[in-house]
Amino acid sequence: MTATCVILDIGGVLEITPDTGWVQRWEDRLELPLGTVNDRMRDVWRAGSVGSISEREVHEQVATRLGLDTFDVDAFMADLWAEYLGTPNEELIAYVRGLQGMCRLGILSNSFVGARERETALYHFDDLVEQIIYSHEIGVGKPDPRAFEAACATLDVRPENCLFIDDVSVNVEAAQAAGMQAHLFEDNARTITRVAAHLGAGPRVPGHVPLG
């Protein structure tokens, strides 16, 4: 329980996830007013984020609410996952990999049903950290304090010994309210410096080789 710990978010931190414009493209294709897709799907997205709906049920709701056939549902979901998964933040991932054995490592992610399987296959986050806590698996997401409690319990660490890293300020503030140290991700350089300071290693951790 006295171990030093670093817990990271995925989207916007370990994954680079810019807006791809896929929702608007589907609205244009279906001749729907701007905002219609998310208006119709909002409760489904929420249910998927806390695991109260299955992937199969998500597909069924997409088909029903947007009037899509099976082929188009598959294409729609492929576009969703392409934005969700983004591309790997290679520099930060390499840095975190270099921390293995120096501290406890975890991930706390607001997620969606199917995320673990896809992120494991693409990015092997299960080999990067000791525990991954997904909102769709624990039934609650950030900034709910129970999400941070679940992360600490799963990793068997005290909140005050944890540094939590997220790109959303409300989640950073919630982690601090839960007793954690927290850092708002803005870029790799400042994040690496903050992690190194948390580990008591100055601005750089030995063995880290900055990537371009």
Next item on the list: Looking only at non-hydrogen atoms, find the nearest pair between V13 and D167 and report the distance.
Entry: CG2-N, 3.8 Å

Note to self: Is any side-chain heavy atom of V168 closer than 4.5 Å to one of K142?
What the structure shows: no

Item checked: From D9 atom CG to I165 atom CD1, the distance as rounded to the nearest 0.5 Å -> 10.0 Å

Margin query: Quick check: is V50 connected to V62 through a chain of hydrophobic side chains (ILVMFWY, heavy atoms under 4.5 Å apart)?
Written below: no

Check: Are L30 and M41 in one and the same hydrophobic cluster, where Ile, Leu, Val, Met, Phe, Trp and Tyr link if side-chain heavy atoms are under 4.5 Å apart?
Finding: yes

Item checked: Full working for side-chain contact (heavy atoms from CB on, under 4.5 Å) between T20 and D79 -> CA-CA 9 Å; T20 64; D79 285 346; over 6 Å; no

Margin query: Whether the side chain of E27 engages the backbone of T36 through a donor-acceptor N/O pair (distance < 3.5 Å, no angle test) should be reported.
Written below: yes

Note to self: When you group the ILVMFWY residues by side-chain heavy-atom contacts below 4.5 Å and let the links chain together, are L32 and L34 in the same group?
What the structure shows: no

Next item on the list: State, yes or no, whether a side-chain contact exists between M77 and V58 at a heavy-atom distance under 4.5 Å.
Entry: yes

Notebook entry, point to check: Is it true that the side chains of R194 and Q181 contain a donor and an acceptor less than 3.5 Å apart?
Noted result: yes

Check: What's the spacing between D19 CG and E83 CD if we round to 0.5 Å?
Finding: 5.0 Å

Checklist line | T191 and H183 side chains, donor-acceptor separation under 3.5 Å | finding: yes

Next item on the list: Heavy atoms only: give me the nearest T87-Y123 pair and the separation to one decimal.
Entry: CA-OH, 3.6 Å

Checklist line | Gap between atom OG1 of T17 and atom CD1 of I10 - 0.5 Å precision | finding: 10.5 Å

Margin query: Quick check against the 3.5 Å criterion: does Q24 have a side-chain atom that pairs as donor or acceptor with the backbone of G21?
Written below: no

Check: So Y84 and W81, would you call those rings parallel, tilted or perpendicular, with 30° and 60° as cut-offs?
Finding: perpendicular

Check: Going only through I, L, V, M, F, W and Y residues with side-chain contacts under 4.5 Å, is there a path from I16 to L128?
Finding: no

Notebook entry, point to check: Would F148 and F164 count as a ring pair (Phe, Tyr, Trp, His ring centres under 6.0 Å) if you check the C-alpha gap in whole Å, the side-chain angles of each, and the deciding distance to 0.1 Å?
Noted result: CA-CA 9 Å; F148 302 101; F164 174 70; 5.3 Å; yes

Checklist line | Heavy-atom neighbours of E160 CD exceed 12 at 6.0 Å | finding: yes

Note to self: Please list all pairs meeting salt bridge (Lys or Arg N to Asp or Glu O under 4.0 Å) that have one or both residues in residues 67-76, counting only residues at least two apart or in different chains.
What the structure shows: R29-D72

Checklist line | For A151 against I7, the heavy-atom pair lying closest together | finding: CB-CD1, 4.1 Å

Next item on the list: Decide yes or no for E60 and E57: does some side-chain heavy atom of the first lie under 4.5 Å from some side-chain heavy atom of the second?
Entry: yes

Check: Taking all non-hydrogen atoms of both residues, which atom of A147 and which atom of G141 are closest, and how far apart?
Finding: CB-C, 3.9 Å

Checklist line | E119 side chain vs L85 backbone, donor-acceptor pair below 3.5 Å | finding: no

Item checked: N188 side, atom CG; L92 side, atom CG - distance, nearest 0.5 Å -> 5.0 Å

Next item on the list: Output the distance between atom CG (L66) and atom CD (Q61), rounded to the nearest 0.5 Å.
Entry: 10.0 Å

Check: Do L163 and V195 have side-chain heavy atoms sitting under 4.5 Å apart?
Finding: yes

Next item on the list: Mind listing the closest non-hydrogen atom pair of S49 and S135 along with its distance?
Entry: O-OG, 2.6 Å

Check: Is the backbone of Y134 close enough, under 3.5 Å, to the side chain of R116 for a donor and an acceptor to pair up by distance?
Finding: no

Notebook entry, point to check: Heavy-atom count around R118 CZ within 6.0 Å, excluding the residue itself: above 12?
Noted result: yes

Item checked: Main-chain N/O of C5 paired with H198 side-chain donor or acceptor, under 3.5 Å -> yes

Item checked: salt bridge (Lys or Arg N to Asp or Glu O under 4.0 Å) contacts in which one or both residues fall within residues 34-48, not counting sequence neighbours -> D39-R42, D43-R65

Next item on the list: Please write out which residues are connected to V172 in a hydrophobic cluster, directly or through intermediates, given that two of Ile, Leu, Val, Met, Phe, Trp, Tyr count as joined at side-chain heavy-atom separations below 4.5 angstrom.
Entry: L184

Notebook entry, point to check: In Å, rounded to the nearest 0.5 Å, how long is the span from OG1 of T154 to CD1 of I132?
Noted result: 11.5 Å

Item checked: Plane angle bin for F76 and W45 - parallel if under 30°, tilted between 30 and 60°, otherwise perpendicular -> parallel

Note to self: Tell me the closest heavy-atom pair linking F112 and V44, and the distance in Å.
What the structure shows: CE1-O, 4.1 Å

Next item on the list: Determine whether C152 and M180 make a side-chain contact, defined as any pair of heavy atoms from C-beta on separated by less than 4.5 Å.
Entry: yes

